[in-house]
Student: 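Mind having a look at this structure? Questions to follow.
Values in this document were obtained by computation on a predicted structure and should not be read as measured data.
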Amino acid sequence: GIMKKHIGDEMYSTVTRLQKYSACRYSYFLAYVLSLRERQISDLRSVDVGSIAHGLIEKICRNMDAENIGFDSVPDGYFKNVIDAAVDECIENIGKTAADLTKRQLYAVQRLKNVLLKCFEMIRRQFTESKFEPIGYEIVFSDENIGCIEIGLPNGEKLKLTGKIDRADAYDAADGRYIRIIDYKTGHKMFNLNDAVYGIDIQLPVYLDALVGISEKNKYGGAFFFTLDDFMLDVDHDVPDEKIAEKRDTAMKLKGIII
């Protein structure tokens, strides 16, 4: 009846929506049935480091592919130069220049550049210290791309899930191709198996299963969160720089599950 009219003939959803429904049905109703949203202001104050970093990481990685630059052969200073240019372009897109920014805004811009630089240094290590290679960025599950994730329902109908994988890597071994997926997150996101079992956090396992299922030679490698943050570390003033770097590397390491 009413929900059928709201949904339409074909049932589409996203993993995020299913997680929201599992966590709080009322919150789901407000967000996806009534479509309530906070008013968005196009201003530097509304800039979210995570969402901007997502787009800039994808853009820079795609440019590296186009220029045939591998993470194991990045020239000195490359990341800093492309990050500076990409962030400055992002600021121009919201109608600002460096001369228009306050000291607080300039600090936010520099912080974003620092976050991206540290993230790319860690991403480079993820590849140079493993046998995995990137096979795709912002991989979209939809009817227009590689297809939706289809889930059979008790009434015989199918629910089609759409979504996006931030990054997928592969390792070609003798017994098949091992796939791992990476999801970029802000904050201290951890993978919890209990949350996955109860439907509260199913993004990683659902996306990994869908990507592995595309080819018979694909095998499960792992699914991980990668934190986009500059990490304010709590250390004593006399701690050596090497120890600080070690703590930061630990905080930024991939968090997830190896299958």
Student: How long is the span from the CG atom in Leu30 to the SG atom in Cys24, to the nearest 0.5 Å?
Tutor: 8.0 Å

Student: Which heavy atom in Cys61 sits nearest to a heavy atom in Phe71, and how many Å separate them?
Tutor: SG-CZ, 4.0 Å

Student: When clusters are formed by joining ILVMFWY residues with side-chain heavy atoms under 4.5 Å apart, either directly or through shared neighbours, do Tyr171 and Phe226 land in the same one?
Tutor: no

Student: Linking I/L/V/M/F/W/Y whenever their side-chain heavy atoms sit closer than 4.5 Å, directly or via other members, would Ile139 and Ile202 fall into one cluster?
Tutor: yes

Student: Working to the nearest 0.5 Å, report the span between CG of Leu228 and NZ of Lys118.
Tutor: 13.0 Å

Student: Do you know the tightest heavy-atom contact between Leu116 and Ile57?
Tutor: CD2-CG1, 3.9 Å

Student: Please list, chain by chain and in numerical order, all residues satisfying side-chain hydrogen bond (donor to acceptor under 3.5 Å, both in side chains) with Asn145, sequence neighbours excluded.
Tutor: Ser142

Student: In terms of hydrophobic clustering (I, L, V, M, F, W, Y; side-chain heavy atoms under 4.5 Å; direct or indirect links), are Tyr32 and Tyr21 co-clustered?
Tutor: yes

Student: Please test Glu89 against Lys59 for salt bridge (charged side-chain N to carboxylate O under 4.0 Å, His left out), starting from the C-alpha separation and ending with a verdict.
Tutor: CA-CA 12 Å; Glu89 181 183 354; Lys59 178 180 179 179; 2.7 Å; yes

Student: Please tabulate, for side-chain N and O atoms in residues 146-153, each donor-acceptor pair with protein atoms closer than 3.5 Å (sequence neighbours left out).
Tutor:
unit_1: Glu150; atom_1: OE1; unit_2: Lys158; atom_2: NZ; d: 3.3

Student: Would you mind telling me which of Phe127, Tyr78, Phe79 makes a ring pair (Phe, Tyr, Trp, His ring centres under 6.0 Å) with Phe120?
Tutor: Phe79

Student: In chain order, what residues pass the side-chain contact (heavy atoms from CB on, under 4.5 Å) check against Ser13, with sequence neighbours excluded?
Tutor: Arg17, Leu18, Leu159, Leu161

Student: Counting C-beta onward and ignoring hydrogens, is there a side-chain heavy-atom pair between Thr14 and Thr162 closer than 4.5 Å?
Tutor: yes

Student: Quick check on the hydrophobic clustering: are Leu56 and Met122 connected, directly or via other members, by side-chain heavy-atom contacts under 4.5 Å?
Tutor: yes

Student: For the residue pair Tyr178 and Ala173, what are the closest heavy atoms and their distance?
Tutor: CE1-CB, 3.8 Å

Student: Taking the six-membered ring for Trp, are Phe29 and Tyr26 parallel (under 30°), tilted (30 to 60°) or perpendicular (over 60°)?
Tutor: parallel

Student: Which pairs count as salt bridge (Lys or Arg N to Asp or Glu O under 4.0 Å) when at least one residue sits in residues 134-144, sequence neighbours excluded?
Tutor: Glu138-Lys164, Asp143-Lys160

Student: Under the salt bridge (Lys or Arg N to Asp or Glu O under 4.0 Å) rule, what pairs show up with a residue in residues 60-69, not counting sequence neighbours?
Tutor: Glu58-Arg62

Student: Nearest 0.5 angstrom please: Ile182 CD1 to Arg167 CZ, how far?
Tutor: 4.5 Å

Student: Any chance you could lay out the side chain to side chain contact (heavy atoms under 4.5 Å, CB included) test for Asp195 and Gln19, step after step, and finish with the verdict?
Tutor: CA-CA 10 Å; Asp195 289 343; Gln19 292 176 168; over 6 Å; no

Student: Please report the shortest heavy-atom distance between Tyr137 and Pro134, naming the atom on each side.
Tutor: OH-CB, 3.3 Å

Student: If you look only at pairs with a residue in residues 173-184, which of them pass as a salt bridge (Lys or Arg N to Asp or Glu O under 4.0 Å), with sequence neighbours excluded?
Tutor: Asp169-Arg180, Asp172-Arg177, Asp183-Lys185

Student: Can you name the nearest heavy-atom pair linking Leu208 to Ile179, along with the distance?
Tutor: CD1-O, 3.6 Å

Student: With no hydrogens and no angle check, is any side-chain donor or acceptor of His54 less than 3.5 Å from a backbone partner on Tyr184?
Tutor: yes

Student: Are Leu204 and Phe225 packed together at the side-chain level, in the sense that at least one heavy-atom pair is separated by less than 4.5 angstrom?
Tutor: yes

Student: I'd like to know if the side chain of Lys255 reaches the main chain of Lys253, judged simply by a donor and an acceptor atom lying under 3.5 Å from each other, with no hydrogens or angles considered.
Tutor: yes

Student: Test of understanding: clusters of I, L, V, M, F, W, Y form through side-chain heavy atoms closer than 4.5 Å, transitively. Do Val140 and Ile165 belong to the same one?
Tutor: no

Student: Using the side chain to side chain contact (heavy atoms under 4.5 Å, CB included) rule, take Leu117 and Glu121 through it: C-alpha gap first, then chi angles, then the decisive distance, then the call.
Tutor: CA-CA 6 Å; Leu117 184 58; Glu121 290 172 350; 3.8 Å; yes

Student: Within a reach of under 6.0 Å around CD1 of Ile258, are more than 12 heavy atoms found that belong to other residues, nucleotides or ligands?
Tutor: no

Student: Which heavy atom of Thr227 sits nearest a heavy atom of Cys119, and at what distance?
Tutor: O-SG, 4.2 Å

